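As structure tokens, the structure follows; a few thoughts come after it.
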Amino acid sequence: MNIDVNIELSSIHELNHEYSPQGLKKINPKDLSVSTSFRLSQAKGSILPIDLRVTYEVNKIEAPISIIEMSFDFHIDKLDEILVASDNKQSIKFNVDIIPDLIAIACDTMRGIVFEKNKGTILEKFILPLRDYKSDMGKHKKK
């Protein structure tokens, strides 16, 4: 199905920001792991929110040393034409595969936000890497 869809990142909201270096003065890069996760929230009219979380963890420390969570609101023209709820209302599917693009936009924007929030901390040298989220999601789908 071909539908011309206009998408705009209309707003960004901070949901949570925690930073607790646990007394660390520096971090060995081999001990650091950074993870990202996302969640689609319920659409509100033509707005589709995507919540994104970045977590920094260090080996042998129980709690994460940093968590940053943001909500990205995408205004999508014709959202009602491309969004299809299942009969039981427990899941949704899209007539147009826009989710990888939205995730890529949110992650690339989050990269800059994380960079700014980590300035002046022990995490400032650990920038989120550039990734091909669309390709990663495609690999995940095929499994």
Side-chain angles (χ1 to χ4, degrees), residues 3 5-143:
I3 299 175
V5 178
N6 292 317
I7 299 171
E8 172 187 321
L9 177 55
S10 58
S11 62
I12 303 171
H13 311 280
E14 183 176 301
L15 301 175
N16 184 28
H17 179 215
E18 299 173 26
Y19 175 70
S20 178
Q22 311 284 332
L24 295 172
K25 300 292 183 215
K26 64 180 185 174
I27 298 173
N28 181 338
K30 293 178 183 178
D31 292 332
L32 182 68
S33 66
V34 182
S35 62
T36 57
S37 60
F38 70 90
R39 181 185 72 220
L40 293 175
S41 295
Q42 185 171 356
K44 300 167 191 134
S46 62
I47 302 294
L48 180 64
I50 295 179
D51 299 339
L52 186 61
R53 175 183 174 127
V54 175
T55 305
Y56 285 83
E57 296 178 290
V58 176
N59 291 343
K60 300 179 184 168
I61 295 180
E62 191 172 312
I65 62 170
S66 179
I67 298 171
I68 302 170
E69 294 176 284
M70 305 293 289
S71 182
F72 297 84
D73 291 343
F74 290 92
H75 177 268
I76 303 170
D77 289 343
K78 303 177 187 175
L79 182 59
D80 57 335
E81 291 179 36
I82 62 172
L83 188 65
V84 180
S86 66
D87 292 336
N88 61 10
K89 308 271 190 219
Q90 297 297 313
S91 64
I92 59 171
K93 88 175 187 183
F94 292 84
N95 289 328
V96 177
D97 195 13
I98 61 170
I99 296 303
D101 293 309
L102 299 180
I103 297 299
I105 292 166
C107 288
D108 288 345
T109 304
M110 184 68 138
R111 188 172 184 264
I113 292 168
V114 169
F115 175 78
E116 284 298 315
K117 289 195 174 290
N118 285 343
K119 276 186 178 177
T121 74
I122 59 173
L123 296 172
E124 71 182 342
K125 293 181 181 176
F126 302 102
I127 300 168
L128 288 178
L130 290 172
R131 291 180 54 186
D132 184 352
Y133 293 95
K134 287 175 72 170
S135 175
D136 290 350
M137 289 181 76
K139 290 175 191 171
H140 187 66
K141 272 184 174 178
K142 292 176 186 175
K143 290 182 179 180

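Fair warning: this is a prediction, and the values are worked out from it, not measured in the lab.
For Tyr56 (side chain) and Phe126 (main-chain N/O), a donor-acceptor pair under 3.5 Å exists by modelled atom type. Of the possible donor and acceptor atoms, none in the side chain of Ser46 sits under 3.5 Å from a partner among the backbone N and O of Leu79.
For the pair Ile65 and Ile27, the minimum side-chain heavy-atom distance is below 4.5 Å. Phe74 is not listed as a side-chain neighbour of Ile98, based on a closest heavy-atom distance of 4.5 Å or more.
Between Ile47 and Ser10, the closest heavy-atom pair is CD1-OG, 3.8 Å. Closest heavy-atom contact between Ile122 and Lys25: CG2-O, 3.3 Å. Shortest non-hydrogen contact noted between Ala43 and Leu48 is CB-CD1, 4.1 Å. Counting all heavy atoms, side chain and backbone alike, Thr55 lies closest to Glu57 at CG2-CG, 3.8 Å. Looking at every heavy atom in both residues, Ile68 comes nearest to Met110 through O-CE, 3.4 Å. Between Glu14 and Lys117, the shortest heavy-atom contact is OE1-NZ, 2.5 Å.
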Can you check side chain to side chain contact (heavy atoms under 4.5 Å, CB included) on Ile61 and Leu24, steps first, answer last?
CA-CA 10 Å; Ile61 295 180; Leu24 295 172; 3.5 Å; yes
Please assess Ile76 against Leu102 for the test side chain to side chain contact (heavy atoms under 4.5 Å, CB included), listing each intermediate value before the final yes or no.
CA-CA 10 Å; Ile76 303 170; Leu102 299 180; 4.0 Å; yes
Please test Ile12 against Thr109 for side chain to side chain contact (heavy atoms under 4.5 Å, CB included), starting from the C-alpha separation and ending with a verdict.
CA-CA 10 Å; Ile12 303 171; Thr109 304; 3.7 Å; yes
Carefully, step by step, assess Glu69 and Arg53 under the rule salt bridge (Lys or Arg N to Asp or Glu O under 4.0 Å).
CA-CA 4 Å; Glu69 294 176 284; Arg53 175 183 174 127; 3.5 Å; yes
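Rounded to the nearest 0.5 Å, atoms CG (Leu52) and CD1 (Ile105) are 12.5 Å apart. Asn59 CG to Lys30 NZ: the interatomic distance, rounded to the nearest 0.5 Å, is 12.0 Å. Summarising the geometry, atom OG belonging to Ser41 is positioned 8.5 Å from atom CG belonging to Asp73; distances are rounded to the nearest 0.5 Å. With values rounded to the nearest 0.5 angstrom, Ile113 atom CD1 is found 11.0 Å from His17 atom NE2. Rounding to the nearest 0.5 Å places CG of Leu15 at 7.5 Å from CZ of Arg39. For the atom pair Asn118 CG and Ile127 CD1, the distance stands at 9.5 Å (nearest 0.5 Å).
A side-chain donor from one of Glu18 and Asn16 sits under 3.5 Å from a side-chain acceptor of the other. Side-chain polar atoms of Ser71 and His13 form no donor-acceptor pair below 3.5 angstrom.
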